[in-house]
Amino acid sequence: DVQLVESGGATVQDGGSLRLSCAASGFTISQYCMGWFRQAPEKEREGVARIYTGGGSPYYVDSVKDRFTISQDNAKNTVYLQMNSLKPEDTGMYYCAASEYDCSADAFRADRFSYWGQGTQVTVS
């Protein structure tokens, strides 16, 4: 039973911080490229951060660089997204996803991610 379960979403003030968690089951995250995507109202889903949890540097969309950090705890089979200095434009549904494709690809490709969580809502006001 392959699952990705996000948690940690909440309503926070402008400038606040939040940590999202993505607990994986049914597969090992160290064998995948793990990513975070988000979708704001009236906007298309966009990639936020991704990392090959078996090693390598993370990738971030420009709008979150220096504010967000993707990390993992392989022993817990869990991926995290630490979000600092949150802005209202960060508001959206955040999704965790897993891909078997090369994580070093220069663009976020949602179609290359096979497993998806149900999402967790982040609201910044």
Visitor: I would like to know whether Val64 and Arg38 meet side-chain contact (heavy atoms from CB on, under 4.5 Å); could you show each step before the answer?
Guide: CA-CA 12 Å; Val64 309; Arg38 68 186 179 189; 3.8 Å; yes
Visitor: Please tabulate, for the side chains in residues 24-35, all donor-acceptor contacts under 3.5 angstrom to protein atoms that are two or more places apart in sequence or on a different chain.
Guide:
from	atom 1	to	atom 2	distance (Å)
Tyr32	OH	Glu100	OE2	3.4

Visitor: Taking only residues two or more places apart in sequence, or in another chain, which ones meet Ser7 in a side-chain contact (heavy atoms from CB on, under 4.5 Å)?
Guide: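 Ser7 satisfies side-chain contact (heavy atoms from CB on, under 4.5 Å) with Ser21 once adjacent residues are dropped.
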Visitor: Looking only at non-hydrogen atoms, find the nearest pair between Ser125 and Thr11 and report the distance.
Guide: OG-CG2, 4.3 Å
Visitor: When rounded to the nearest 0.5 angstrom, what is the spacing between NZ in Lys43 and CD in Glu89?
Guide: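 That separation rounds to 7.5 Å.
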Visitor: Between Leu20 and Val122, does the side-chain contact (heavy atoms from CB on, under 4.5 Å) criterion hold? Intermediate values first, please.
Guide: CA-CA 9 Å; Leu20 306 183; Val122 172; 4.0 Å; yes
Visitor: Any side-chain heavy atom of Trp116 within less than 4.5 Å of one from Phe37?
Guide: yes
Visitor: Could you go through the side-chain contact (heavy atoms from CB on, under 4.5 Å) check for Thr123 and Val12 one step at a time?
Guide: CA-CA 6 Å; Thr123 301; Val12 299; over 6 Å; no
Visitor: Hey, are the side chains of Val79 and Trp36 touching, using non-hydrogen atoms and a 4.5 Å cut-off?
Guide: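 In short, these two side chains touch, coming nearer than 4.5 Å.
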Visitor: If a pair satisfies ring-ring contact (aromatic ring centres under 6.0 Å, His included) and one of its residues is in residues 48-104, list it, with sequence neighbours excluded.
Guide: none
Visitor: Give a yes or no on whether a salt bridge exists between Lys87 and Asp90, defined as a side-chain N under 4.0 angstrom from a carboxylate O.
Guide: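 Salt bridge absent between Lys87 and Asp90.
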Visitor: Assess, by modelled atom type and distance only, whether the side chains of Asp73 and Thr78 contain a donor and an acceptor separated by less than 3.5 Å.
Guide: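 No - no donor-acceptor pair under 3.5 Å links their side chains.
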Visitor: So which atom in Gly47 and which in Val61 form the shortest heavy-atom distance, rounded to 0.1 Å?
Guide: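 So the two residues come closest at O-CB, 3.4 Å.
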Visitor: Find the distance between CE (Met93) and CD (Gln121) and round it off to the nearest 0.5 Å.
Guide: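 Interatomic distance, Met93 CE to Gln121 CD, rounded to 0.5 Å: 4.5 Å.
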Visitor: Please report the closest heavy-atom contact between Ser17 and Asn84, naming both atoms and the distance.
Guide: OG-OD1, 3.0 Å
Visitor: Given side chains that start at C-beta, do those of Gln72 and Ile51 come closer than 4.5 Å, heavy atoms only?
Guide: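 Gln72 vs Ile51: side chains touch.
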Visitor: Take Thr69 and Leu81, measure what side-chain contact (heavy atoms from CB on, under 4.5 Å) needs, and give me the verdict at the end.
Guide: CA-CA 6 Å; Thr69 303; Leu81 185 67; over 6 Å; no
Visitor: Examine distances only and state if a side-chain atom of Arg67 and a backbone atom of Ser63 form a donor-acceptor pair shorter than 3.5 Å.
Guide: yes
Visitor: Measure across Cys22 and Leu4 and return the closest heavy-atom pair with its distance rounded to 0.1 Å.
Guide: SG-CD2, 3.7 Å
Visitor: Quick one, Gln118 and Glu6 - any side-chain contact, counting heavy atoms below 4.5 Å?
Guide: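 Yes, side chains in contact.
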Visitor: Taking atom CG of Asp66 as the centre, report whether more than 12 heavy atoms of other residues, nucleotides or ligands fall under 6.0 Å from it.
Guide: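 For Asp66, atom CG is not crowded (no more than 12 foreign heavy atoms under 6.0 Å).
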